[in-house]
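As structure tokens, the structure follows; a few thoughts come after it.
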Amino acid sequence: MTIVNLMPAHRQAPVALWLLARDFDASVSKIAESGAEAVLVPAGHELAARLADALGDSVRVVERNPELGFVYANPSAAAKVLSGEKPIPSCANGEGTDSVIEGSALLADEGSRWVWLEGASEPVCLGATATVAELAAAAGAEEPKAVYVGYPAGTLVSAADAEATVELASDYVRVYTAKNCMANALNEICQLYRHETCGRCVFGHEGSHQIATIVADVCRKKGKPSDLALLRDLCPVMQSQCLCEQGRVMARTVMAFLDLFEAEISAHIGKKTCPAGECKAFLTYHILASKCQACNACVDSCEEDAILGRPRFIHVIDQKACTQCGACLGSCEYGAIVTAGAVKPKCPPKPIPFRKR
């Protein structure tokens, strides 16, 4: 059985549906000529009924929950859907008799691929393979750090290898820059995989839960020295033992992040700092003495009494008492309160008298 999958592989990247709406008649022809017996579309989508009318009895249109986008890329899971069962994989891709044709690949011109770059308003058309430099340029990224191609590729390539070619085997591509924390980037990816897991096997279900928990703890300033070693032990087992691609790709992605950016991720554990200044748990709040007007407004806004000072004195934030709630940021009309990552501004250790400038 062959099935065309129009379900978005990433919630932010409904490329196949975008292509279908862009040129409906041509897309219908390609689906009809593919030899597929069915096509999967998100339940309630405005194009579902129109597609069913256009295809008639030649190809069955099946509407399903789009929240399980990753699962439908597995042929055995997609086949179960057609028989009215839950989309639970029974084998990995290529190991069964069924096959899935990804809609974004089918509806694109030969040799090209439409992908959704993070932050873009619509997909862009690129070659089926592109260099890291080309992807960074397409994203308009300044100081690129790495290129990530999402599920089912799970590929991460350092931007330093600008001429390396990347196969665009996914609808979703993100270019990370110097402003991005790679620990936080990995956490976002792991949380997505965690909620997409089918629950069919122990390694995929429990393994994805453990990985997501460990990486989240690293970003919440709760990481332990043994965490990265545990990830390196767990991921190879998942790659070989997970029943379908969700767990395998997740494990491969984690290993790629550790291989390329272990030092940056380790800094969250050993040095208790986020080098990129993106992880909220590692941000600290400071009052710049050069801008503080000693108005006392920030003192009233802090429920934790973490701001030291009184009228006519330059205020200081007690870092041990501060909970990083951010309430003080909006209270200062002079812009004296700032956040800082690895590099901290010089501030007085205690309140000092205010001298009108």
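Throughout, numbering of the chain's residues begins at 1 and tracks the sequence.
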Check your understanding: Does the side chain to side chain contact (heavy atoms under 4.5 Å, CB included) test come out yes or no for Leu228 and Ser266, once each step is laid out?
Key -> CA-CA 8 Å; Leu228 299 191; Ser266 294; 3.1 Å; yes
Point to revise | Criterion side chain to side chain contact (heavy atoms under 4.5 Å, CB included) on Asp300 and Ser331, from CA distance to verdict | key: CA-CA 9 Å; Asp300 296 333; Ser331 67; over 6 Å; no
Point to revise | CA sep, side-chain torsions, deciding dist, call: Leu107, Ile31, side chain to side chain contact (heavy atoms under 4.5 Å, CB included) | key: CA-CA 8 Å; Leu107 303 183; Ile31 293 173; 4.2 Å; yes
Exercise for review: List the atom of Ser104, the atom of Val15, and the distance in Å for their closest heavy-atom pair.
Suggested key: CB-CG1, 3.9 Å
Review point. Looking at side-chain heavy atoms only, is the closest gap between Cys181 and Phe282 below 4.5 Å?
Key: no
Review point. When you look at NZ of Lys179, are more than 12 heavy atoms from neighbouring residues, nucleotides or ligands closer to it than 6.0 Å?
Key: no
Review point. Quick one: does Leu51's side chain get under 4.5 Å of Leu6's, heavy atoms only?
Key: yes
Check your understanding: Looking at side-chain heavy atoms only, is the closest gap between Pro225 and Ile269 below 4.5 Å?
Key -> yes
Exercise for review: Give a yes or no on whether the backbone of Gly44 and the side-chain of Glu63 come within a donor-acceptor separation of less than 3.5 Å.
Suggested key: yes
Check your understanding: With a 4.5 Å limit on heavy-atom distance, are the side chains of Thr284 and Cys322 in contact?
Key -> no
Review point. How many angstroms lie between OH in Tyr285 and CG in Asp318, if you round to the nearest 0.5 Å?
Key: 15.5 Å
Exercise for review: Without swapping roles, check the side chain of Asp109 against the backbone of Ser112 for a donor-acceptor pair under 3.5 Å.
Suggested key: no
Review point. Could you state the interatomic distance from CG (Leu20) to CG (Asp25), rounded to the nearest 0.5 Å?
Key: 10.0 Å
Exercise for review: Report yes if some heavy atom in the side chain of Lys145 is under 4.5 Å from a heavy atom in the side chain of Glu264; otherwise report no.
Suggested key: yes
Check your understanding: Is any side-chain heavy atom of Val299 closer than 4.5 Å to a side-chain heavy atom of His315?
Key -> yes
Check your understanding: Does Ala212 offer a backbone N or O that forms a donor-acceptor pair with the side chain of Gln191 under 3.5 Å?
Key -> yes
Check your understanding: Residues in side chain to side chain contact (heavy atoms under 4.5 Å, CB included) with Pro75, at least two apart?
Key -> Asn93, Asp98, Val100
Point to revise | Shortest non-hydrogen contact between Glu167 and Val149, atoms and distance | key: O-CG1, 4.1 Å
Check your understanding: Nearest 0.5 Å, what's the CZ-CD distance between Arg252 and Gln239?
Key -> 6.5 Å
Check your understanding: Any donor and acceptor pair, going by atom type alone, linking the side chain of Asn180 with main-chain N or O of Met182 inside 3.5 Å?
Key -> no
Check your understanding: Nearest 0.5 Å, what's the CD1-CG distance between Ile101 and Leu40?
Key -> 11.5 Å
**Study point:** Nearest heavy atoms of Gly309 and Asn296, plus distance in Å
**Key:** O-OD1, 4.0 Å
Review point. So which heavy atom on Arg64 is nearest to which on Met7, and how close?
Key: O-CE, 3.4 Å
Exercise for review: Determine whether Leu186 and Phe261 make a side-chain contact, defined as any pair of heavy atoms from C-beta on separated by less than 4.5 Å.
Suggested key: no
Check your understanding: Does the side chain of Val41 reach to within under 4.5 Å of the side chain of Leu47, using non-hydrogen atoms?
Key -> no
Review point. CE of Met250 to CZ of Arg194: how many Å apart, nearest 0.5 Å?
Key: 8.5 Å
Point to revise | With Arg174 via salt bridge (charged side-chain N to carboxylate O under 4.0 Å, His left out) - residues at least two apart | key: Glu188
Exercise for review: Go through Glu262 and Arg232 one step at a time and tell me if the salt bridge (charged side-chain N to carboxylate O under 4.0 Å, His left out) criterion holds.
Suggested key: CA-CA 11 Å; Glu262 183 170 4; Arg232 287 195 177 277; 3.1 Å; yes
Check your understanding: Looking only at heavy atoms, which two atoms of Cys279 and His268 are closest? And how far apart?
Key -> SG-NE2, 3.5 Å
Tell me which donor-acceptor pairs under 3.5 Å the side chains of residues 80-91 have, and how far apart each pair is, sequence neighbours excluded?
from: Ser83; atom 1: OG; to: Lys80; atom 2: O; distance (Å): 2.8
from: Ser83; atom 1: OG; to: Glu85; atom 2: OE2; distance (Å): 3.4

Revision key, fill the gap. In terms of heavy-atom contacts, Pro349 and Val316 come closest through O-CG1, 4.0 Å
Exercise for review: Answer with yes or no whether the hydrophobic clustering places Val338 together with Ile307; edges join I, L, V, M, F, W, Y residues whose side-chain heavy atoms lie under 4.5 Å apart.
Suggested key: no
Review point. Does Val115 belong to the same Ile/Leu/Val/Met/Phe/Trp/Tyr cluster as Val132, with side-chain heavy atoms less than 4.5 Å apart forming each link?
Key: yes
Practice item. Would you sort out whether Thr253 and Tyr151 count as a side chain to side chain contact (heavy atoms under 4.5 Å, CB included), showing the intermediate values? Key: CA-CA 9 Å; Thr253 302; Tyr151 184 86; over 6 Å; no
**Study point:** Cluster link Leu192 to Val249, ILVMFWY, side chain under 4.5 Å
**Key:** yes
Exercise for review: For Gln293 and Arg312, indicate whether the former's side chain and the latter's backbone hold a donor-acceptor pair under 3.5 Å.
Suggested key: no
Check your understanding: Counting distance only, does the side-chain N/O of Asp227 pair as donor-acceptor with the main-chain N or O of Lys224 below 3.5 Å?
Key -> yes
Exercise for review: Would you mind checking if Asp217 and Arg220 are paired as a salt bridge, meaning a charged N to carboxylate O distance below 4.0 Å?
Suggested key: yes
Practice item. Quick one: pull up OH in Tyr176 and CZ in Phe257 and give me the separation to the nearest 0.5 Å. Key: 4.5 Å
